[in-house]
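If you read the sequence from its start, that first residue is 1, and numbering goes on from there.
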Amino acid sequence: RAARLYKTCLSRIPAQSPHRPKFLTKLGDTLSLAGMGVDAASVYLEAAELAATEQEELELQRRASLQLLRSGQFSQGLALAKGVMKAYGLTLPSSRSRSALSIGFSEFKRSLLNTRFRERPSKAIADEDLRRVDTCFSIAAALVLVDHIRGAYCQSQCLELSLRTGEPARAAVALAVSGSLAASGGAIERSARLLKQAESIGMRLNDQRTNSMLSGLRGAIEYMAGSWQKARHSLERALELGERLGGMSWERNTASFFLTGTLAWMGQLRRVRAAATMMIEESEERGDLYASTLFRIGMPAVAWLATDDPEELGRSIHEDAARWQPNQYYVQHFLRDLALANIKLYQGLPEEASSILERAYAEGRRAFILHSQFGRIEILTQRARTCLALADHDHAGQAVSKWIKLARKDAVATLRLNRPWGSALAQLVLAAVEFRQGRVEAGVAQLEAASSQLMASHMTLFAAAADYTRGRLLDRK
């Protein structure tokens with residue numbers, strides 16, 4: 001309704017009126033709050049062309065780039081973001097390898113320091129300094145879940161700027177985002193330390209918006225650590241706080257994605273399907289490609305397979321993927337490939353699944369997506385399962401030993417990552433290897449150990465499958 005009123009006002013304001021940029025900005029803000037990012041960006045850019053000052057134009061371009069990136073319009077959003085960052089003296093490397101090298105240097109510098117800082121109220125900080133922090137954060141947050149390594153590079157700048165300026169709410173969120181990146185890379189202790197510092201600041205501030213974001217980031221960290229029960233609690237709290245505040249559609253989409261993934265790993269597939277269906281319908285109405293894609297790929301896709309309609313799932317995934325940049329490989333492409341490989345396994349086509357996973361592994365390494373420990377566990381365990389399926393489909397028996405050896409290799413690589421949930425999945429693979437090599441008793445023991453660890457990780461559906469298989473084998477004996 002507010003958007004319609006602003007549009008009515010604008011229809012009566014002359015094109016050259018000095019009041020027009022103000023009303024366009026308010027319309028853009030309204031559309032942004034409603035989660036209509038593409039429409040909001042278009043309005044912000046129109047306002048930017050009419051802006052009275054260079055600073056106003058830059059701020060409107062920042063808002064437009066943020067809305068485009070958060071809505072999945074990545075090519076246009078990134079091009080705009082680069083110009084805004086350059087104007088504020090910030091950099092975004094042109095290649096992922098340059099980003100990785102820059103991050104390495106930044107992390108080395110930061111390892112010599114600590115993350116303590118002198119807090120300053122926002123009114124004591126120059127507006128330009130705050131805008132620089134906001135620019136860096138908004139672009140980093142949007143990039144991290146799409147182009148992981150360049151998002152991490154922006155975030156390393158954001159943390160440094162936030163600590164230097166000292167505004168506590170911004171510093172708290174920057175610390176927590178850096179904690180989530182540390183967790184993604186497997187640095188769990190560093191992640192916990194950063195999160196603890198962020199939450200202590202948030203508790204003192206008692207600001208609901210900040211605490212909603214911190215709760216969502218805690219949930220993301222717990223998700224990447226495989227602490228599903230804790231992640232569910234944190235993410236549900238973030239969504240509850242965000243619902244009260246309103247205007248946090250991107251944060252809601254992201255928290256909901258982690259929550260549906262959490263529930264999928266916990267085996268609550270009916271709930272995943274219901275939540276994903278609702279989120280897809282809402283995002284498609286808003287023209288939000290980022291959100292509509294998220295709830296069809298990765299682990300949540302398993303819930304769609306549970307309805308025994310792999311063809312429809314594959315069709316919808318391909319339709320969404322066609323709207324992302326074809327000449328790039330982002331996190332969404334990686335999660336798409338995991339989902340498509342699962343579809344092929346479900347359809348009894350392990351050769352096709354293997355081809356998809358080999359592409360995902362190669363592209364994921366080039367795009368630095370496999371810097372994420374979580375991503376490595378996902379693809380290693382899925383590739384191991386595919387090797388087992390290839391061994392079963394090798395009726396001539398000429399390559400069975402090769403596939404079994406490769407499955408064991410990926411399972412052992414997963415064990416070395418030392419994450420309880422990943423180790424439990426690896427034990428399932430090793431149990432299957434034992435069975436295929438005729439060591440039934442050893443396989444049963446592996447299943448029992450896997451079931452115990454799966455239950456401890458709250459992965460009840462996986463545990464039930466392990467117990468069912470173990471029971472059938474014991475009955476045969």
| Ser234/Glu222 under side chain to side chain donor-acceptor pair (under 3.5 Å): CA gap, chis, key distance, verdict | CA-CA 8 Å; Ser234 299; Glu222 290 163 339; 2.8 Å; yes
| Any chance the rings of Phe462 and Trp421 have centres within less than 6.0 Å? |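 No - the distance between ring centres of Phe462 and Trp421 does not fall below the 6.0 Å cut-off.
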Would you say [X] has more than 12 foreign heavy atoms packed within less than 6.0 Å of its [atom1]?
X: Gln55; atom1: CD; value: yes
X: Arg365; atom1: CZ; value: no
X: Met278; atom1: CE; value: yes
X: Arg270; atom1: CZ; value: no
X: Glu54; atom1: CD; value: no

| field | Pair Gln453-Ser423, side-chain donor/acceptor within less than 3.5 Å | value |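 The criterion, which ignores hydrogens and geometry beyond distance, is not satisfied for Ser423 and Gln453.
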| field | Distance-only polar pair, side chains of Ser32 and Gln67, donor-acceptor under 3.5 Å | value |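 Yes, side-chain donor-acceptor contact under 3.5 Å.
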Kindly say whether [Y] contributes a backbone atom to a donor-acceptor pair with the side chain of [X] at under 3.5 angstrom?
X: Ser191; Y: Ser180; value: no
X: Ser249; Y: Leu33; value: no
X: Gln268; Y: Arg271; value: no
X: Ser215; Y: Ser212; value: no
X: Gln197; Y: Leu175; value: no
X: Gln157; Y: Thr91; value: yes
X: Arg376; Y: Leu370; value: yes
X: Ser65; Y: Arg62; value: yes
X: Arg20; Y: Leu10; value: yes

| Pair Thr165-Arg170, side chain to side chain donor-acceptor pair (under 3.5 Å): steps then yes or no | CA-CA 9 Å; Thr165 56; Arg170 290 172 172 85; over 6 Å; no
| Trace of the side chain to side chain contact (heavy atoms under 4.5 Å, CB included) decision for Leu45 with Leu80 | CA-CA 10 Å; Leu45 289 174; Leu80 194 57; 3.7 Å; yes
Using a strict 4.0 Å threshold on nitrogen-to-oxygen distance, state whether [X] and [Y] make a salt bridge.
X: Asp129; Y: Arg132; answer: yes
X: Arg296; Y: Glu319; answer: no
X: Asp410; Y: Arg385; answer: no
X: Asp29; Y: Arg63; answer: yes
X: Arg383; Y: Glu358; answer: yes
X: Arg193; Y: Glu189; answer: no
X: Glu363; Y: Arg366; answer: yes

| field | Worked verdict on Glu251 versus Arg70 for salt bridge (charged side-chain N to carboxylate O under 4.0 Å, His left out) | value | CA-CA 10 Å; Glu251 290 82 358; Arg70 288 185 166 190; 3.6 Å; yes
| request: Classify the ring geometry between Trp250 and Tyr290 as parallel (under 30°), tilted (30 to 60°) or perpendicular (over 60°). | output: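 It falls in the parallel class, under 30°.
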| Nearest heavy atoms of Ala220 and Leu235, plus distance in Å |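 Smallest interatomic distance, heavy atoms only, reads N-CD2, 4.2 Å.
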| Nearest 0.5 Å, what's the CG-OH distance between Leu259 and Tyr223? |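 Here the rounded value is 10.5 Å.
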